[in-house]
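What follows is a short report on a single structure.
Side-chain atoms are counted along with the backbone in the values below, which use heavy atoms only and exclude waters and symmetry mates. Chain letters run A, B, ... following the sequence lines, proteins first and then strands; every chain starts at 1.
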Amino acid sequence: MAYTKPIPDPEQYTFKPYWDGCKAGKLMLPRCLVCGRMHFYPRVLCPHCHSDQLEWVEASGEGRIHTYAVQHRAFGGWAEETPFVTAYIDLIEGTRMLTVLHGVDPLKPEEIKIGAKVKIEFEEASDEVSIAYWRVVE
Amino acid sequence: MPNNPSMAAAIVGAAESNKIGYIEEGTTATRLHLEAINNVCKQTGISPSEIDGVFSVGFSPQIAEHLGIHPRYIDTTGVGGSSFVMHVHHALAAINAGIIDIALVSHGEAGFSARKNKGNGTNRPQGDDKWSVPSQFEVPYGIAGAPSNYAHAMTRHMHQWGSTKEDFAQIAVATREWATLNPRAVMFSKETHPAGGPITVADVLESRLIAWPLNLLDICLVTDHGGAVLIASAEKARSLRTTPVWIAGAGENMSHWSMMEMQDFTATSAAASANSAYKMAGMGPGEMELAMIYDSFTVTAGITAEMLGLTPRGEGPSLWADRKASPGGSGIPVNTNGGGLSFSHSGMYGMMLLVEAYRQLAGIAEDGVNGIAGKQTSAKTAVVNGTGGNLSTTGTLVLVADD
Ligand SMILES: [Zn+2]
C-alpha cells in the first residue's frame, strides 16, 4: 500500500546520518565528544556545551511518553487518518522526539498514560525514506 | 538598573483598520496595515512624515515606502504573535537611547481573506523549505498549525497539575462575556456571527474536537485584522492631543523555537520576560489592575497567568474561575476586548493586546466604536503579555495610565 502521508526530503548535510539510520532501521543520534551528551534535532554545534566535535551513535530506541494529543483535524495524507495520536517522547538518552503513537486508541485519550514505555519502529515511506514511529509497549 | 528606560516613552495612540474580522469582500495585509496607520495618525495628529522608526513583522521597508518616509530605525522582528509586544520594547529602547522620537508599530494580516485570495495578499514569503526542522521532523507526523502542537501542552498541564478541560473552558466563557460588550468583536452577538453571544462551559466541551484536549471553542479565531500604535518620547507624548499610556516596564525572552525543545510543557518564558518588565517598572503582579494575555488557546492564557505571577503555579485557569475576570467580576479584568478567542485573531494577535491596553488605560474603551457600557474598566495599570510560535517566545509590558 502506497504511503500517502508527507515524505520528507532528507537534508543532506546536518541531518543525513539520521535519515540514513532510519533507512537502515536504526535510530542514529548525535553525541558530543566533549560533554558526552546527546541531542535531537541534529545540530552543527552541541546545544549543551557548543562544541563542534560531534559523533553519531545508535540510540536504544526506547523511551517514555512525555505528553500527547489526539489530532482530529489534519491536512494532506494525514487527513485520511484522523483521529490519530501525536506524542512527544522522552528517550532514555535524554533527548525528545515528536511522533505518531502506534498501539493506542485515539478515541480513548484518557486511557493513554503519560510515562508509558514506548519502542521505536520504522515504516518504509518510499524506496529512499523510512520514517520513525513509536509504539506503546506497556 | 543603569539608565532605566522605564517611562521614557508612552503609547500615544492606537487604532484598527477600517474593517476587522471576517471581511466578506476580502482585503490584503497591505491594506490592513495602511488603514490602521492612517487611523492612528489621524487620532494623534502625528503626520506619517514625523515617524522616524518603523516596527512590524517583516514588512517595515514596504510600509516605509508606502508612506514615502525614510526611517532612521527599521525593525522587522518576526517571532510569532508576541512580536508586537517586543516591538514596543525595542521602540522604548531606541527612544530612550535618543535615536528616534516617534515609533510606529504596525500590523496587517489577512488571515481570513487569504483563503478567498488563494494565499495571495498575505505578504508572507511563499513556499516552504523542505530542509527546515519542521519539514524534516514535525510535518511527517501530521503536525500542521498551532492547535495540533498546543494541545500537547494542555495534556501535560492536566497530568502535571490536575487541571481539567472544564477549568480551561471557563477561560473561553469569561472571554466571550467581554466580547458581548465589544461591537467590533466577531462573536459579539448572534447578529455578528451565528455562534456569537454568550456561551457556557458545556458549549465549549460540546464543540467540535480539533486536537484533544482542545475543542473548537478553546481555539482562537482566524480573521482579517490591521492595527497600529504610535510610541513617542516623554516630551513629545506630553505635547499631543491624545492621552499617553506610559511604558513602565518591558521585557522579552524565549524558551525554545521547536516544541521538541520545550523543556517544561506547562511553562513559558513569560516568567522571565515578566520578571524583566516588573523589575524595570519597579512593580509586581499584585499591583496590576488589568491583564491583557495572549489567548491563542485557552491553555495559552491559563499557563501565562501563572507565568505572570497572577495565580499560583498550576492554577492558571483560576484567574477566570467564578467570573472573577469577567465584566464586574471580583478579580482583575482580563482580555477586555473579547480576546483572540472571541474578538479577532488574524494569526498573530499581539497588536490587539496593545490596542486594547491603550484604550483601557487612556479611558477610551467605550468610545462609541470599540465598546458599550461596562467595557471601560477603572484600571490604571496593566500587564500585557504576548506569546508566539509554539509557546516559544514572549514579550511582556507593564503599562501605566497618565496621572
Ligand atoms: Zn557538548
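- Of the listed residues (A:Arg73, A:Lys5, A:Arg96), the greatest number of heavy-atom pairs within a distance under 4.5 Å of chain B belongs to A:Arg96.
- Ring geometry for A:Tyr18 against B:Phe137 counts as perpendicular: the plane angle is over 60°, on a 0 to 90° scale with 30° as the lower cut.
- Between the A:Glu11 side chain and the B:Ser132 main chain, no donor and acceptor come within less than 3.5 Å of each other.
- Only the backbone of B:Ser135 comes within less than 4.5 Å of a heavy atom of chain A; no side-chain atom from C-beta onward does.
- Atom CD of B:Glu261 sits about 9.0 Å away from atom OG1 of A:Thr95, to the nearest 0.5 Å.
- Using a 4.5 Å cut-off between heavy atoms, A:Phe84 touches chain B through its side chain atoms alone.
- Of the residues considered (A:Ile112, A:Val100, A:Asp9), A:Asp9 shows the highest number of contacts with chain B, using heavy-atom pairs under 4.5 Å.
- Minimum interatomic distance between A:Thr86 and B:His152 (heavy atoms only, all atoms of both residues): OG1-NE2, 2.8 Å.
- Aromatic rings of B:Phe265 and A:His66 (six-membered ring for Trp) have centroids within the 6.0 Å cut-off, being under it.
- Looking at A:Phe15, only its side chain comes within 4.5 Å of chain B, counting heavy atoms on both sides.
- Taking the six-membered ring for Trp, B:Trp212 and A:Tyr68 have ring centres closer than 6.0 Å.
- The parts of A:Ala132 that come within reach of chain B are both its backbone and its side chain, each placing non-hydrogen atoms under 4.5 angstrom from that chain.
- Side-chain rings of A:Trp78 and B:Tyr141 stay apart, their centers remaining 6.0 Å or farther from each other.
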